[in-house]
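As C-alpha coordinates, the structure follows; a few thoughts come after it.
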Amino acid sequence: QVQLVESGGGLVQPGGSLKLSCGASGITFNNYAMSWYRQVSGKERELVATISNSGGTTNYADSVKGRFTISRDNAKNTAYLQMNSLKPEDTAVYYCKADWRVWRRYYWGQGTQVTVSS
(Lines give C-alpha, C1' and ligand atoms only; values in the text may rest on other atoms or scores of the structure.)
Protein backbone atom coordinates (compact mmCIF):
# COMPACT_ATOMS: atom_id res chain seq x y z
CA GLN A 1 0.00 0.00 0.00
CA VAL A 2 1.24 3.49 -0.84
CA GLN A 3 2.32 5.66 2.08
CA LEU A 4 3.80 9.15 2.26
CA VAL A 5 4.78 10.22 5.78
CA GLU A 6 5.86 13.77 6.61
CA SER A 7 7.97 14.58 9.64
CA GLY A 8 10.08 17.41 11.04
CA GLY A 9 7.43 20.02 11.74
CA GLY A 10 7.17 21.94 14.97
CA LEU A 11 7.37 25.34 16.63
CA VAL A 12 10.13 27.74 15.63
CA GLN A 13 10.83 31.44 16.18
CA PRO A 14 10.84 33.92 13.29
CA GLY A 15 14.17 33.76 11.51
CA GLY A 16 14.69 30.15 12.50
CA SER A 17 14.97 27.01 10.40
CA LEU A 18 13.29 23.63 10.05
CA LYS A 19 13.84 20.68 7.74
CA LEU A 20 10.85 18.59 6.72
CA SER A 21 11.09 15.03 5.43
CA CYS A 22 8.68 12.96 3.37
CA GLY A 23 9.34 9.24 3.30
CA ALA A 24 7.62 7.23 0.58
CA SER A 25 6.82 3.54 0.37
CA GLY A 26 4.77 1.41 -2.01
CA ILE A 27 5.81 3.35 -5.13
CA THR A 28 8.71 3.36 -7.54
CA PHE A 29 9.99 6.58 -6.08
CA ASN A 30 12.12 7.77 -8.99
CA ASN A 31 9.09 7.72 -11.30
CA TYR A 32 7.49 10.53 -9.30
CA ALA A 33 7.98 14.24 -9.15
CA MET A 34 7.72 15.42 -5.55
CA SER A 35 6.08 18.59 -4.27
CA TRP A 36 5.48 20.36 -0.99
CA TYR A 37 2.22 22.18 -0.39
CA ARG A 38 0.94 24.09 2.60
CA GLN A 39 -2.50 24.94 3.88
CA VAL A 40 -3.94 27.23 6.54
CA SER A 41 -7.45 26.61 7.87
CA GLY A 42 -9.98 28.42 5.71
CA LYS A 43 -7.57 28.89 2.81
CA GLU A 44 -6.74 26.91 -0.30
CA ARG A 45 -3.82 24.52 -0.32
CA GLU A 46 -0.93 26.24 -2.10
CA LEU A 47 2.07 24.87 -3.93
CA VAL A 48 5.36 25.69 -2.20
CA ALA A 49 8.00 23.79 -4.19
CA THR A 50 8.40 21.02 -6.76
CA ILE A 51 11.32 18.82 -7.77
CA SER A 52 11.50 16.58 -10.83
CA ASN A 53 11.87 12.83 -10.52
CA SER A 54 15.61 12.96 -11.15
CA GLY A 55 16.14 16.03 -8.99
CA GLY A 56 17.40 18.09 -11.90
CA THR A 57 14.66 20.71 -11.94
CA THR A 58 13.12 22.67 -9.07
CA ASN A 59 10.44 25.33 -8.85
CA TYR A 60 9.38 27.54 -5.94
CA ALA A 61 6.55 29.83 -5.02
CA ASP A 62 7.62 33.47 -5.05
CA SER A 63 6.86 33.73 -1.34
CA VAL A 64 9.55 31.18 -0.41
CA LYS A 65 12.13 31.62 -3.16
CA GLY A 66 15.57 32.16 -1.70
CA ARG A 67 14.55 30.84 1.72
CA PHE A 68 13.36 27.27 1.07
CA THR A 69 15.16 24.43 -0.72
CA ILE A 70 13.52 21.25 -1.96
CA SER A 71 15.66 18.15 -2.46
CA ARG A 72 15.35 14.40 -2.74
CA ASP A 73 17.37 11.28 -2.08
CA ASN A 74 16.09 8.58 -4.39
CA ALA A 75 18.20 5.93 -2.68
CA LYS A 76 16.29 6.65 0.54
CA ASN A 77 12.88 7.22 -1.10
CA THR A 78 12.71 10.55 0.70
CA ALA A 79 12.02 14.17 -0.23
CA TYR A 80 13.03 17.14 1.91
CA LEU A 81 12.14 20.77 2.40
CA GLN A 82 14.79 22.90 4.09
CA MET A 83 13.14 26.06 5.42
CA ASN A 84 15.32 28.99 6.47
CA SER A 85 14.53 32.55 7.57
CA LEU A 86 11.06 31.47 8.59
CA LYS A 87 8.30 34.04 8.89
CA PRO A 88 4.98 33.93 10.79
CA GLU A 89 3.18 33.77 7.45
CA ASP A 90 4.89 30.42 6.79
CA THR A 91 2.74 28.89 9.55
CA ALA A 92 0.66 26.10 7.99
CA VAL A 93 0.21 22.38 7.67
CA TYR A 94 2.76 21.17 5.14
CA TYR A 95 1.92 18.26 2.84
CA CYS A 96 4.04 16.28 0.42
CA LYS A 97 2.72 14.98 -2.88
CA ALA A 98 4.13 12.29 -5.16
CA ASP A 99 3.11 12.78 -8.79
CA TRP A 100 3.66 10.36 -11.68
CA ARG A 101 2.83 13.03 -14.21
CA VAL A 102 2.75 10.86 -17.33
CA TRP A 103 -0.06 8.73 -15.91
CA ARG A 104 -1.74 11.44 -13.83
CA ARG A 105 -1.26 9.29 -10.73
CA TYR A 106 -0.58 11.07 -7.45
CA TYR A 107 -0.58 10.54 -3.69
CA TRP A 108 -0.69 12.82 -0.65
CA GLY A 109 0.87 12.58 2.77
CA GLN A 110 -1.03 13.31 5.98
CA GLY A 111 0.68 16.62 6.71
CA THR A 112 2.91 18.06 9.42
CA GLN A 113 2.31 21.29 11.35
CA VAL A 114 4.80 24.15 11.13
CA THR A 115 4.25 27.08 13.48
CA VAL A 116 6.42 30.20 13.32
CA SER A 117 5.86 32.39 16.36
CA SER A 118 7.63 34.34 19.07
Side-chain angles (χ1 to χ4, degrees):
Q1 192 170 6
V2 175
Q3 278 195 310
L4 300 177
V5 181
E6 298 99 333
S7 62
L11 176 64
V12 64
Q13 292 188 332
S17 298
L18 284 174
K19 188 173 184 178
L20 306 183
S21 298
C22 175
S25 61
I27 63 172
T28 303
F29 187 69
N30 60 15
N31 285 340
Y32 289 78
M34 298 296 296
S35 296
W36 288 94
Y37 288 73
R38 64 188 182 188
Q39 187 169 28
V40 179
S41 294
K43 297 183 179 180
E44 292 186 354
R45 190 172 297 185
E46 65 172 338
L47 178 63
V48 175
T50 298
I51 187 167
S52 61
N53 60 343
S54 67
T57 303
T58 58
N59 288 283
Y60 298 91
D62 288 342
S63 59
V64 307
K65 193 171 297 183
R67 300 187 296 121
F68 290 11
T69 302
I70 188 170
S71 62
R72 65 191 295 158
D73 186 339
N74 286 351
K76 296 181 179 179
N77 289 353
T78 302
Y80 306 93
L81 186 67
Q82 177 66 52
M83 304 184 294
N84 299 326
S85 302
L86 283 161
K87 305 174 181 180
E89 52 262 45
D90 295 319
T91 296
V93 177
Y94 283 71
Y95 299 88
C96 70
K97 179 188 179 184
D99 191 346
W100 194 355
R101 296 178 183 272
V102 172
W103 303 107
R104 298 184 179 182
R105 180 183 298 175
Y106 56 89
Y107 303 95
W108 291 95
Q110 84 291 339
T112 185
Q113 176 71 47
V114 172
T115 302
V116 184
S117 176
S118 298

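Treat the numbers as computed from the prediction; the structure is a model and nothing was measured.
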For the student: nearest non-hydrogen atoms of [X] and [Y], plus distance:
X   : Y   : answer
L47 : S35 : CD1-CB, 3.9 Å
A98 : L4  : N-CD1, 3.7 Å
L86 : R67 : CA-NH1, 3.9 Å
I51 : T58 : CG1-CG2, 3.8 Å

| Could you give the distance from CD (E6) to CG (L81), rounded to the nearest 0.5 Å? | 11.0 Å
| query | So how far is it from S54 OG to N31 CG, rounded to the nearest 0.5 Å? | reply | 11.5 Å
| field | Any residue meeting side-chain contact (heavy atoms from CB on, under 4.5 Å) with V40, in chain and number order, not counting sequence neighbours | value | K43, A92
| said: Test of understanding: with side-chain contact (heavy atoms from CB on, under 4.5 Å), list the residues that count as partners of N53, not counting sequence neighbours. | reply: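 Counting only residues at least two positions away or on another chain, N53 forms a side-chain contact (heavy atoms from CB on, under 4.5 Å) with R72.
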| Under 6.0 Å from the CD atom of Q110, do we count more than 12 heavy atoms belonging to anything else shown? |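 Enclosed.
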| said: Is it the case that atom CD in E44 sees more than 12 heavy atoms from other parts of the structure closer than 6.0 Å? | reply: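 No.
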Is there a donor-acceptor pair under 3.5 Å between the side chain of [X] and the backbone N or O of [Y]?
X    : Y   : value
Q113 : G10 : no
S52  : T57 : yes
T78  : K76 : yes

Pairs under 3.5 angstrom only: tabulate donor-acceptor contacts from the side chains of residues 22-30 to other protein residues two or more places apart or in another chain.
none

| field | Qualifying side chain to side chain donor-acceptor pair (under 3.5 Å) pairs with a residue from residues 93-107, counting only residues at least two apart or across chains | value |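 Every pair satisfying side chain to side chain donor-acceptor pair (under 3.5 Å) with a residue in residues 93-107: R38-Y94.
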| request: Decide salt bridge (charged side-chain N to carboxylate O under 4.0 Å, His left out) for K87 and D90; before the verdict, give the C-alpha distance in whole Å, the side-chain angles of both, and the deciding distance to 0.1 Å. | output: CA-CA 5 Å; K87 305 174 181 180; D90 295 319; over 6 Å; no
Please output the side-chain donor-acceptor pairs of residues 12-21 that fall under 3.5 Å, not counting sequence neighbours, one pair per line with the distance.
unit_1: S17; atom_1: OG; unit_2: N84; atom_2: OD1; d: 2.9

| request: Please collect all ring pair (Phe, Tyr, Trp, His ring centres under 6.0 Å) contacts where either partner lies in residues 35-82, sequence neighbours excluded, each pair once. | output: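 Found Y37-W108.
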